[in-house]
Amino acid sequence: MNEEKINLLKDKLKSFEIEYADATGTPQLVVKKENVVSVGEILKSDEDFKFDMLIDEFGVDKFTKNERFEVIVSLWSEKHKDRIFLKIKLDTKNPVMPTLTGVWKSANFNERETYDMFGIIFEGHPDMRRIYMPENFEYHPLRKDFPLMGIPSSLDLPKK
Amino acid sequence: MSQQIFDKLKSNDPEIKQSKLLKSLESDDMAKHFDDPLDNEMVMNMGPQHPATHGVLRLLLRLDGETVVKALTEIGYLHRGYEKIAESCNYHEFIPHTDRLDYLQPVANNVGYTLAVEKLLGIEITERCKYIRTICCELGRLESHLVAVGSMVMDLGAITPFIWTFREREKIQDILDIVTGVRFTTSYTRIGGVAQDITPEAIAAIKKFIDEFPGNLKDTRAILDRNRIFIERTQGIGYMSKEDLLQWGASGPVLRAGGVERDLRKDDPYLIYDKVDFRVPVYTDSDVLARYYVRIEEMLESVKILRQCIEKIPEGPVRTIEPKQVLPGKQKIYTKMEELIYDFMLINFGITPPVGEAYQGIESSKGELGFYLISDGSGHPFRLKIRSPSFTNIQTIPVMLHNCMISDIVAILGSLDPVMGEADK
């Protein structure tokens, strides 16, 4: 994405209070969680950007005092062959964000994975179940406070 | 109807009257089932141990007769928590783990991961190294596509092509044995280079292989391309529209068979893909047969790329000289003091990239394989996210399975070619 296009993007999204960052050559937009669905819809439908593929969506646990959970969304425009990242910062105590499955259906599995691994809840998701871990598992393993060795007896052994 | 049978049975002798079967038939629940057996939908469980699911993928199917009404995929049976492990490894230590992601083409995973780390570090690798890595990526693609084609047609009932494609795959593994020193779990790349230089012997072996391979592939194609059984079982099966494929995030041959020309080798070039001449095969039918053709043609393109790489490969070092980030190599450690110190520091404390985030996606044989790295300046990745193509492609299964027959399921799964090691991470 060139400079000109980023300026155009800034112009189109100026009503949403977006911060701009850079992830080694790829633009990264820091979006507020209330706006993420509307920003997503604009990015997807606008002819100048046309980000029609959601490549990935995943969580990050910052594990600092003031900020903890973040969700990063990776988008690809098939028409313009461009890549962009969205970053959404979430509450520490109550990590909830609106789902993106309404905009890109492929967010489905990725959001389930993020829920499974970080406990981030996506409001309005059609199938909010764990994807890797069993349903009765209580913890969220990719959180930084989950030990690498696991928690003994957190998983039931198979019954005889 | 069932009531009449019940009455008939009731009038018979007391032995029948007291039988367990009759008692259960008379209970309300069972009577409901027997009213019209075709009226009911059945839930069937396919996998995780089914041979056609290529690993441990579980499908839950709601069937109406033999037609799939609704399907649900369950994954996670091979979840090993690699993203968690990565947070406690240093950057080099994670390379062997990438072998176990997509175990059909371990070399390409190595390359993808190291490219991401190099992007984070800002290292430029040498020209010869780029060529070697491209050769490895293409060998990996051949390796993986051969399994994909072979196992798909085996699921459809043809054993011969499976044996033939595995014979070719075996030759590739012999080449990898010469190039990397290992047949299977290669761990060949190093950050800033590769483990060892490619030898003239290896180049000769690759040359011999690519001279023979198109002819051998022709044999496989001769059995399949005009085979009526094969075509009838694959044509029009597993259709998914172009819009749906984009919406569900499919990538790789699945997407290209649906008429979308998305190949990261062309769209977002890495290594030397912008310098070699090749074509991206695209079909518009978006069915199992189209995916088969895309894979076959991609293999021939890979051979083309390999030939160009072998002709053009320049002389020079294979590792960047960047003592604080790149391992110096064994020869230098044994003979030079400075290098020994750097090696000690690198092994004990690891590479420390600057604080930042980097993403590198490569076009693996199954689609976009990406690594998103977040560094906090320490020796371990703060977060490593693996974007695996199989994980996302599995999402399309329920859409493709809608209204197909049970026997088509194996064809569709084979055409998607999911590898669970990668999908479950």
Side-chain angles (χ1 to χ4, degrees), chain A residues 21-26 28 44 50-64 70 72 74-83 85 87 101 103-110 112-114 116-118 127 129-135 137 141-144 146-150, chain B residues 72-81 83-85 87-88 116 119-122 242-251 255 260-262 264 266-268 354 356-361 367-368 370 372-374 376 382-383 385-389 391-396 398-399 423-425:
Chain A
D22 178 72
T24 330
T26 313
Q28 195 180 53
K44 190 191 169 192
K50 211 84 182 139
F51 285 100
D52 47 3
M53 276 179 91
L54 183 138
I55 295 295
D56 205 350
E57 182 174 357
F58 58 93
V60 180
D61 184 1
K62 283 282 181 196
F63 208 55
T64 53
E70 279 174 1
I72 295 177
S74 158
L75 301 174
W76 172 265
S77 157
E78 185 44 42
K79 193 178 167 196
H80 302 286
K81 314 284 186 198
D82 266 340
R83 200 188 287 286
F85 298 121
K87 188 186 254 186
T101 43
V103 191
W104 298 278
K105 282 180 183 165
S106 57
N108 189 327
F109 264 27
N110 292 316
R112 278 178 66 187
E113 189 196 348
T114 313
D116 190 0
M117 294 293 145
F118 291 93
D127 188 15
R129 287 181 297 133
R130 283 173 176 271
I131 196 161
Y132 290 141
M133 305 304 289
E135 275 302 314
F137 190 68
L142 270 181
R143 285 188 176 187
K144 290 278 178 186
F146 186 85
L148 180 69
M149 64 166 284
Chain B
L72 205 66
T73 49
E74 278 282 324
I75 62 173
Y77 291 94
L78 205 60
H79 179 59
R80 294 148 294 176
E83 288 173 5
K84 186 81 180 172
I85 294 172
E87 288 171 13
S88 67
K119 202 169 183 182
L120 190 65
L121 287 165
K242 189 175 165 181
E243 289 72 31
D244 271 355
L245 284 169
L246 286 173
Q247 180 70 247
W248 284 101
S251 53
L255 187 61
V260 184
E261 198 178 343
R262 180 177 188 267
L264 288 180
K266 289 266 191 210
D267 299 343
D268 187 8
E357 305 181 4
Y359 177 82
Q360 175 69 47
E368 177 173 350
Y372 194 106
L373 276 163
I374 300 179
D376 61 346
F382 184 75
R383 171 96 169 92
K385 174 67 180 43
I386 303 157
R387 193 273 176 196
S388 58
F391 180 73
T392 322
N393 284 353
I394 282 173
Q395 282 195 87
T396 62
V399 187
D424 288 349
K425 289 180 280 207

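Letters A, B, ... mirror the listed sequences (proteins, then strands); counts begin at 1. This structure is a prediction, so every number in the text was calculated from the model and none was measured.
Counting only heavy atoms from C-beta outward, the side chains of A:K105 and B:V399 never approach each other to under 4.5 Å. Proximity of A:I131 to B:F391: side-chain heavy atoms (C-beta onward) are separated by under 4.5 Å at one or more points. Residues B:Y359 and A:T26 are not in side-chain contact: their nearest non-hydrogen atoms beyond the backbone lie 4.5 Å or more apart. Within the 4.5 Å cutoff, side-chain heavy atoms of B:E87 are placed close to those of A:L142. Counting only heavy atoms from C-beta outward, the side chains of B:I394 and A:F109 approach each other to under 4.5 Å.
Contact of A:D116 with chain B is not made at all, since no heavy-atom distance falls under 4.5 Å. At a 4.5 Å heavy-atom cutoff, the contact between B:I374 and chain A is made by side-chain atoms alone. Proximity to chain A is absent for every atom of B:Q360, based on heavy atoms less than 4.5 angstrom apart. For A:R83, the part lying under 4.5 angstrom from a heavy atom of chain B is the side chain only. Residue B:K119 touches chain A through both its backbone and its side chain, counting heavy-atom pairs closer than 4.5 Å. Neither the backbone nor the side chain of B:L78 comes within contact range of chain A; no heavy atom of the residue lies under 4.5 Å from a heavy atom of that chain. Residue B:E368 touches chain A through its side chain alone, counting heavy-atom pairs closer than 4.5 Å. Only the backbone of B:A423 comes within contact range of chain A, with at least one heavy atom under 4.5 Å from a heavy atom of that chain. Heavy atoms of A:F146 lying under 4.5 Å from chain B belong to its backbone as well as its side chain. Looking at A:K79, neither its backbone nor its side chain comes within 4.5 Å of chain B, counting heavy atoms on both sides. Heavy atoms of B:L373 lying under 4.5 Å from chain A are absent altogether.
For the residue pair B:E261 and A:K81, the shortest heavy atom distance occurs at O-NZ, 3.2 Å. Among all heavy-atom pairs drawn from B:D268 and A:W76, the shortest one is CB-CH2, 4.3 Å. Residues B:F382 and A:K144 come closest through the heavy atom pair O-NZ, 2.8 Å.
With respect to chain A, the highest number of heavy-atom pairs below 4.5 Å among B:L120, B:T392, B:D424 belongs to B:D424. Of the listed residues (B:T73, B:I75, B:V260), the one with the most heavy-atom contacts under 4.5 Å to chain A is B:I75. Per-residue counts of heavy-atom pairs under 4.5 Å with chain B were compared for A:N108, A:D22, A:D82, A:L54; the largest is that of A:N108.
A distance-only check finds no donor-acceptor pair linking the side chain of B:K385 to the backbone of A:F58 [under 3.5 Å]. Side chain of B:Q395 to backbone of A:S106: a donor-acceptor contact under 3.5 angstrom is found.
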Report the C-alpha separation of A:D56 and B:Y372 in whole Å, then their side-chain angles, then the decisive distance to 0.1 Å, and conclude whether the side chain to side chain contact (heavy atoms under 4.5 Å, CB included) test is met.
-> CA-CA 10 Å; A:D56 205 350; B:Y372 194 106; 5.9 Å; no
Verdict with reasoning, B:K425 to A:Y132, per side chain to side chain contact (heavy atoms under 4.5 Å, CB included) | CA-CA 9 Å; B:K425 289 180 280 207; A:Y132 290 141; 3.3 Å; yes
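Under the 4.0 Å criterion applied to side-chain N and carboxylate O atoms, A:E70 and B:R383 are not assigned as salt-bridge partners. Salt bridge absent: B:K242 and A:E78 never bring a charged side-chain N and a carboxylate O closer than 4.0 Å.
Here the NE2-CE distance, from B:H79 to A:M117, works out to 3.5 Å after rounding to the nearest 0.5 Å.
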